[in-house]
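Encoded as structure tokens, the structure appears first; notes follow it.
Every chain is numbered from 1 and lettered A, B, ... according to where its sequence line falls, protein lines coming before strand lines.
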Protein chains: 2
Amino acid sequence: MPKDDCNTSGDRLYQMLATLKSHDFRITPQRLAVLKILAASEDHPSVEQIYEKVRVEFPTTSLATIYKIVALLKELNELLELGFPDESNRYDGKKPFPHPHVICTKCKKIMDPELTSFDELKEEIARKTGFRIIHHRLDFFGLCRECQKVE
Amino acid sequence: MPKDDCNTSGDRLYQMLATLKSHDFRITPQRLAVLKILAASEDHPSVEQIYEKVRVEFPTTSLATIYKIVALLKELNELLELGFPDESNRYDGKKPFPHPHVICTKCKKIMDPELTSFDELKEEIARKTGFRIIHHRLDFFGLCRECQKVE
DNA sequence: TCTTAAAGGAGAATGGTTCTCTATAAAGAA
DNA sequence: TTCTTTATAGAGAACCATTCTCCTTTAAGA
């Protein structure tokens, strides 16, 4: 099953577990807990947020452990990292491939918009610059519906 | 003159100076030096790189001063900041408004590609998400022509 | 030249992330 | 099941780009 065709969080969990196993990485309780959280989360959690959730079940877990698990999943291309220089990085475990994001600068919510015809843009760039494009990052910053109302 | 229609670095220097003056900010030797560097630089320098250049003329300049000047110009919308969580931020003083960048992951070169039809993408996003889009960030990562040859 | 508030300089503080080192435990073997 | 090995977890120090603090200097109008 391709990564962009997971319909349930169970699919994603199974897929991430399979990737870990196929690379001979051990399935530890901490790793399983993080995978479950990532596979289920509708938002784009930070390491700190994952940490808080894991600690509900495993109170002795170290923050460093979460960082290590996140780094591992990123390395295995099972997790997309959205790095921000001025605040915590955020993670997308459901769609671990580059795709556009819409970010509310007020409540920090991050959403995945549907978007057509981005590939042609990418090809135009490659043709005009001579670059071999490996990946990309497209973020739109603004105010979500709710935060527009409050103002 | 609109910011996206400066043809020479002199134009940009004059424009940035005018903005500082119109907001009653003092023109200090350090600020002038930074403005000149930003208006002239073809690349996208980091604070450290600006610092090194300023120190040629003013060896006692503090790194904190460069940070302060950069923050001020950013606040005045005369400088575009490209933040990177894992390395130094980079700055674009020639085109201080959001535009796509192409970034070589090997030599760290940053270029401005010409790009048509990005606005419709932005409108599609706003329509589909209900966000009021304020600004955006579009980065393509890959290998530039030179780094493709070396491998 | 004088005055004064803004700006600069130096170094400490910050904070998300990474590193180091030791203790623990997952998973295959016997 | 128990044993063995080695990856992984835990705890806290270290890192480093950036920001902050506090004091000194200076730009610019009077």
What integer distance in Å separates [X]:[atom1] from [N]:[atom2]?
X	N	atom1	atom2	answer
Lys74(A)	dT18(C)	NZ	P	6 Å
Leu76(B)	dA7(C)	CG	P	11 Å
Arg31(A)	dT8(D)	CZ	P	4 Å
Lys68(A)	dC21(C)	NZ	P	13 Å
Ile69(A)	dT8(D)	CD1	C1'	9 Å
Leu32(B)	dT26(D)	CG	P	17 Å
His23(B)	dA7(C)	NE2	P	13 Å
Leu63(B)	dA12(C)	CG	C1'	14 Å

Scan nucleotides 27-30 of chain C against the protein and return all N/O pairs shorter than 3.5 Å with their distances rounded to 0.1 Å.
{"from": "dA27(C)", "atom 1": "OP1", "to": "Ile27(A)", "atom 2": "N", "distance (Å)": "2.7"}

Taking only N and O in the side chain of [X], is any of them less than 4.0 Å away from OP1 or OP2 of [N]?
X	N	value
Gln30(B)	dG9(C)	yes
Asn89(A)	dT17(C)	yes
Tyr67(B)	dT18(D)	yes
Thr65(B)	dG9(C)	yes

Query raised in the report: Does the cation-pi check pass for Arg137(A) over Phe84(A), that is, NZ or CZ under 6.0 Å from the six-membered ring centre and within 45° of its axis?
Result: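 Cation-pi check for Arg137(A) and Phe84(A): passes.
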Query raised in the report: Does Asp92(B) offer a backbone N or O that forms a donor-acceptor pair with the side chain of Lys95(B) under 3.5 Å?
Result: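 No; judged by distance alone, with no hydrogens or angles, the pair does not exist.
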Requested in this report: Under 4.0 Å from any atom of DNA chain C, heavy atoms only: list the residues of residues 39-61 of chain B that qualify, in numerical order.
Outcome: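 Of all residues in residues 39-61 of chain B, the ones placing a heavy atom under 4.0 Å from DNA chain C are Thr60(B), Thr61(B).
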Query raised in the report: Looking across every strand, which nucleic acid part, if any, lies under 4.0 Å from Asp86(B) by heavy atom: base, sugar-phosphate, or nothing?
Result: nothing
Gap between atom [atom2] of [Y] and atom [atom1] of [X] - 0.5 Å precision:
X	Y	atom1	atom2	answer
Lys68(B)	Ser62(B)	NZ	OG	7.0 Å
His44(B)	Glu81(B)	NE2	CD	13.0 Å
Asp43(B)	Met111(B)	CG	CE	12.0 Å

Query raised in the report: Can you tell me if Gln15(B) and Arg12(B) form a side-chain donor-acceptor pair at under 3.5 Å?
Result: yes
Query raised in the report: Cut-off 3.5 Å, side chains only: do Asp112(A) and His101(A) have a donor facing an acceptor?
Result: yes
Query raised in the report: For Pro29(B) and Glu81(B), take the nucleotide of DNA chain D holding the closest heavy atom to each; which residue's nucleotide lies nearer the 5' end?
Result: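 The residue whose closest nucleotide sits nearer the 5' end is Glu81(B).
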Query raised in the report: Between His99(B) and Phe118(B), is the gap from one ring center to the other below 6.0 Å?
Result: no
Report summary line: So side chain to side chain donor-acceptor pair (under 3.5 Å) across residues 30-42 of chain B, not counting sequence neighbours, yields Glu42(B)-Lys94(B)
